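The block underneath contains the structure these notes are about, expressed in structure tokens.
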Amino acid sequence: MSLKLTNSFTKKLETFKSLKPGEVSIYCCGVTVYDLCHLGHARSYIVWDVLRRYLMSQGYQVTFIQNFTDIDDKILAKASKESSTMTQVSEKNIKEFHQDMDTLGILRPSRMPRATRCLDGIREMIQKLEKKGAAYSVEGDVYFSVMRYSEYGKLSGRDLSEQQLNADGRIDKEEGARKQHPFDFALWKTAKDGEPSFSSPWGQGRPGWHIECSAMVLQELGETIDIHLGGSDLIFPHHENEIAQSEVANDKKLATYWLHNGMVNVGGQKMSKSLGNFTTIRALLKEGVSPMTLRLFILQAHYRKPLDFTRESIEAASIGWQRLNSALCLGLISHHRLKWPKNVSHEKTISDLNARVIPETLSKSRQQFTDALEDDLNTSIAISILFDLGRPLRSLANQIERDISDLGEEEKNKELHLRWMLLVSLANILGLQPELPQVGESDQGQKYNEYEIIKAIKERKAAKLSRNFTKADKIRKELKDKGIELIDKKDGVTDWIRK
RNA sequence: GGCGGCAUGGCCAAGCGGUAAGGCAGAGGAUUGCAAAUCCUUUAUCCCCAGUUCGAAUCUGGGUGCCGCCUCCA
């Protein structure tokens with residue numbers, strides 16, 4: 001295989017080669033746990049989930065570390081607002097985070113370190129930096145001295161001498177006075193009255209934001225890792241500072257590849273908490289947008305480009321997903337009818353497929369799919385191949401629906417089965433899992449119960465038989481108004497589905 | 001002011017020098033009492049100008065517009 005990735009460090013498309021054969025170490029910047037995640041977070045973690053799934057599909061042993069920043073001004077602010085504690089706020093939001101990510105089908109990281117649990121490593125690294133003369137303390141604060149690191153700015157392409165003129169009044173004056181250089185950043189902050197704090201050689205305080213990632217990478221993965229991930233908004237200063245800290249402390253390159261995802265935009269502007277233009281994952285799911293719709297929406301764009309969020313584009317993704325999903329569900333719903341082996345599990349389907357010889361047309365699709373992902377994760381192309389693969393399957397699903405008995409020759413049926421297995425297998429690399437339709441199943445706490453629906457369907461059938469279509473349509477309409485859609489099948493049976 | 005990115009049909013979005021993927025929407029047709037679903041067919045010369053080239057959406061130069069980062073941020 002030859003996976004090519006755009007390395008933000010070199011700004012070039014590079015062929016991926018791991019440090020250790022067959023193993024990949026990945027660190028991904030996680031969230032500050034002070035609130036629910038929004039669509040922007042979803043994009044980041046969905047995209048990196050695909051990278052991980054792809055590497056796994058190629059047989060790599062992937063160690064994926066993602067942190068939780070569980071100490072921060074915003075968490076403290078939230079705690080004070082809710083009259084709770086920092087720990088309560090972060091614990092709650094960690095739980096919420098897991099719930100959202102699990103729903104979106106994002107694989108759990110191998111380990112998820114938290115800032116408050118890595119204090120030893122953090123303190124050690126700061127001390128190391130002090131010893132090397134790259135850090136200095138002022139009244140209980142400790143700062144990293146950017147002038148002591150000649151390569152500072154190499155990730156973001158910033159030149160210290162040109163930048164310092166343009167602080168533009170954005171730097172806190174008090175802090176600015178303590179710093180030797182405007183770009184120096186806090187490694188350790190002295191505690192303010194009443195704030196949670198931790199002991200250190202510099203007094204009670206807490207770590208600066210950037211240092212936790214450096215300490216965690218070292219602790220969890222070592223001095224140099226294969227891939228470092230994050231949103232493009234983290235390039236400066238966060239990742240720049242991480243590089244400075246780690247590389248000065250360890251005298252080793254921090255990461256071979258740096259990958260950054262583009263932002264989710266709203267009306268051309270970045271979705272963010274501070275602008276207030278965000279939509280949480282939770283809110284979208286609550287509205288009935290399916291998790292896989294969100295995945296499809298996000299993966300239809302290239303991960304490095306900005307992606308505009310609109311109701312229309314979510315709606316388009318939703319309909320697209322329904323169609324793709326009907327192909328994905330075919331073997332789960334109709335295996336009996338098609339005389340296909342019963343699907344035991346996704347894993348089984350995928351391993352079964354790998355053991356088979358597949359026809360040339362299908363292996364070509366598989367190759368195109370892989371080529372697309374290897375070309376800097378071109379999920380957009382990958383998805384177009386899924387749609388192509390799914391087309392004949394949807395057609396078949398429709399034939400079954402209409403009970404057209406002729407299923408064609410055995411050869412053809414065999415090809416369709418393999419096609420379906422391939423579709424399931426490739427979709428799985430994008431994390432797109434079939435969502436079985438909830439036909440006829442009552443959800444929790446429905447206002448209109450199943451008995452009434454069935455009764456109405458019977459009435460409508462009687463009306464249809466007596467050719468009283470006005471009445472039949474009236475019943476359809478009444479049910480529709482209550483969110484129940486009727487689907488007439490060829491054999492005279494009427495299915496229903498809650499919308 | 002510095003650094004970086006983007007501009008493709010009604011909308012979203014691929015494309016990385018060889019004559020415009022895919023999704024949604026629209027149109028026509030098949031099927032259908034209606035509805036839904038499905039199938040087939042169909043819709044662009046790529047922000048502007050100049051250049052390089054046999055050939056450019058793709059490269060170069062110059063515009064115009066939009067965005068990100070430089071403060072917390074996926």
Side-chain angles (χ1 to χ4, degrees), chain A residues 8 11 13 28-32 34 37-48 69 72-74 153 156-159 161-172 182-183 209 229-238 240 260-265 268-275 278 296-297 300-302 304-310 312-324 326 368 372 375-376 378-388 391-392 394-402 464 467 469-470 472-473 476-477 480 485-490 495 497:
Chain A
S8 339
K11 296 183 179 61
L13 195 63
C28 177
C29 279
V31 287
T32 301
Y34 71 102
C37 287
H38 58 63
L39 196 59
H41 301 107
R43 180 179 197 192
S44 192
Y45 301 125
I46 285 174
V47 156
W48 305 138
T69 300
D72 161 272
D73 285 340
K74 278 182 291 220
S156 58
R158 257 151 250 253
D159 186 329
S161 56
E162 286 183 20
Q163 295 285 311
Q164 59 181 315
L165 306 169
N166 306 305
D168 217 21
R170 294 185 212 185
I171 287 171
D172 181 88
F183 271 18
W209 174 37
L229 305 172
S232 59
D233 53 352
L234 297 182
I235 294 174
F236 191 91
H238 185 57
E240 197 67 74
H260 291 99
N261 65 274
M263 301 291 101
V264 172
N265 286 171
Q269 269 196 317
K270 173 182 163 184
M271 177 181 284
S272 73
K273 284 278 162 65
S274 41
L275 286 169
F278 62 91
L296 190 68
F297 166 67
Q300 267 179 324
H302 187 89
R304 280 188 298 111
K305 283 203 181 175
L307 171 61
D308 221 59
F309 165 75
T310 60
E312 294 71 37
S313 51
I314 290 287
E315 185 57 31
S318 169
I319 293 170
W321 169 246
Q322 280 172 39
R323 297 192 176 148
L324 189 56
S326 69
Q368 285 171 337
D375 183 17
D376 203 22
N378 194 331
T379 49
S380 184
I381 298 266
I383 285 170
S384 77
I385 290 157
L386 296 186
F387 273 98
D388 289 343
R391 201 161 290 126
R394 282 195 284 160
S395 174
L396 181 59
N398 185 242
Q399 282 178 29
I400 290 170
E401 181 95 344
R402 294 164 69 173
K464 274 167 65 176
R467 303 198 68 77
F469 295 123
T470 319
D473 287 347
R476 174 190 283 287
K477 175 131 197 330
K480 196 180 177 188
E485 189 170 323
L486 299 184
I487 302 154
D488 288 342
K489 305 233 256 184
K490 198 74 180 173
D495 250 336
I497 186 166

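Quick caveat: nothing in here was measured; it's all calculated off a predicted structure. All chains are named by letter (A, B, ...) in the order of the sequence lines, taking the proteins before the strands, and each is independently numbered beginning at 1.
- B:rU31 and B:rU43 have their P atoms separated by 24 Å, given to the nearest Å.
- Considering only heavy atoms from C-beta on, A:Ile235 stays 4.5 Å or farther from A:Arg158 through its side chain.
- For the C1' atoms, the distance from B:rC46 to B:rA13 is 13 Å, rounded to whole Å.
- When side chains are defined from C-beta on, A:Leu229 does not count as touching A:Asn261, because their heavy atoms never get closer than 4.5 Å.
- Rounded to a whole angstrom, the distance from the C1' atom of B:rG17 to that of B:rC59 is 8 Å.
- For B:rG2, the base has no donor-acceptor partner in the side chain of A:Asp159 [N/O atoms by modelled type, under 3.5 angstrom].
- Distances shorter than 4.0 Å separate some side-chain N or O of A:Asn378 from OP1 or OP2 on B:rG15.
- With RNA chain B read from its 5' end, the first of the two nearest nucleotides for A:Asp375 and A:Asp473 is the one closest to A:Asp375.
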Which atoms of nucleotides 21-23 of chain B (N or O only) lie under 3.5 Å from a protein N or O atom, and what are those distances?
| residue | atom | partner | partner atom | Å |
| --- | --- | --- | --- | --- |
| B:rA21 | N1 | A:Ser380 | OG | 2.9 |
| B:rG23 | OP1 | A:Arg391 | NH2 | 2.8 |

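- For the pair A:Arg394 (side chain) and A:Ser326 (backbone), a donor-acceptor distance under 3.5 Å is absent.
- Rounding to whole angstrom units, CD of residue A:Glu240 and P of B:rG2 are separated by 19 Å.
- Summarising the geometry, the separation between NE2 on A:His238 and P on B:rU71 is reported as 15 Å, rounded to the nearest angstrom.
- On a pure distance criterion of 3.5 Å, no polar donor-acceptor pair joins the side chain of A:Arg43 and the base of B:rA74.
- Nucleotide B:rA7 has B:rU64 as its partner under the Watson-Crick or G-U criteria, with both atom distances under 3.5 Å.
- A:Asp488 contributes a side-chain N or O that forms a donor-acceptor pair with the base of B:rC34 under 3.5 Å.
- Along RNA chain B, the nucleotide nearest A:Thr310 and the nucleotide nearest A:Met263 are compared for position; the residue whose nucleotide lies closer to the 5' end is A:Thr310.
- Atom NZ in A:Lys11 sits roughly 14 Å away from atom C1' in B:rG68 (whole-Å rounding).
- Considering only side-chain N and O atoms, A:Lys273 lies nowhere under 4.0 angstrom from the phosphate OP1 or OP2 of B:rA74.
- With contacts defined as side-chain heavy-atom distances shorter than 4.5 Å, the pair A:Lys477/A:Asp473 does not qualify.
- Atom name C1', nucleotides B:rG10 and B:rA44: the rounded distance is 12 Å, in whole Å.
- If you check B:rG26 for Watson-Crick or wobble pairing at under 3.5 angstrom, you find it paired to B:rU42.
- B:rC72 is unpaired under the Watson-Crick or G-U wobble criterion, no partner having all donor-acceptor distances under 3.5 Å.
- Pairing for B:rC59 is with B:rG51, a Watson-Crick or G-U wobble pair whose two hydrogen-bonding atom distances lie under 3.5 Å.
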* **Test side-chain contact (heavy atoms from CB on, under 4.5 Å) applied to A:Phe278 and A:Leu39, step by step** => CA-CA 7 Å; A:Phe278 62 91; A:Leu39 196 59; over 6 Å; no

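- Judged purely by atom type and a 3.5 angstrom limit, A:Asn378 uses its side chain to pair as donor or acceptor with the backbone of A:Ile381.
- Remark: P of B:rC72 and CG of A:Asp233 are 12 Å apart, rounded to the nearest angstrom.
- Nucleic acid contact class of A:Ser274 (heavy atoms, under 4.0 Å, all strands): base.
- Whole-Å rounding puts the A:His260 NE2 to B:rC6 C1' distance at 18 Å.
- Residues satisfying the ring-ring contact (aromatic ring centres under 6.0 Å, His included) criterion with A:Phe236, sequence neighbours excluded, are A:Phe183.
- Between A:Asn265 atom CG and B:rG5 atom C1' there is a gap of 11 Å when expressed in whole angstrom units.
- Comparing the same atom, P, in B:rU42 and in B:rU53 gives a spacing of 38 Å after rounding to whole Å.
- Rounded to a whole angstrom, the distance from the P atom of B:rU60 to that of B:rG18 is 16 Å.
- For A:Ser380 (side chain) and A:Ala301 (main-chain N/O), no donor-acceptor pair under 3.5 Å exists by modelled atom type.
- An OP1 or OP2 oxygen of B:rC67 is reached within less than 4.0 angstrom by no side-chain nitrogen or oxygen of A:Lys305.
- Using atom P as the reference point in both B:rA56 and B:rC16, the two lie 16 Å apart (nearest Å).
- Here the separation of B:rU19 from B:rA57, taken at their C1' atoms, is 11 Å to the nearest Å.
- Note: A:His41 and A:His38 have tilted aromatic rings, judged against thresholds of 30 and 60 degrees for the angle between ring planes.
- Using a 4.0 Å heavy-atom cutoff across all strands shown, A:Phe297 reaches no nucleic acid atom at all.
- Residue A:Ile46 holds its CD1 atom at 10.0 Å from CZ of A:Phe297, rounded to the nearest 0.5 Å.
- The distance from atom NE2 of A:His302 to atom C1' of B:rU8 is 17 Å, rounded to the nearest whole Å.
- Using the Watson-Crick or G-U wobble rule with both distances under 3.5 Å, B:rC34 pairs with nothing in any strand shown.
- Rounded to a whole Å, the CD1 atom of A:Ile314 is 12 Å from the P atom of B:rA13.
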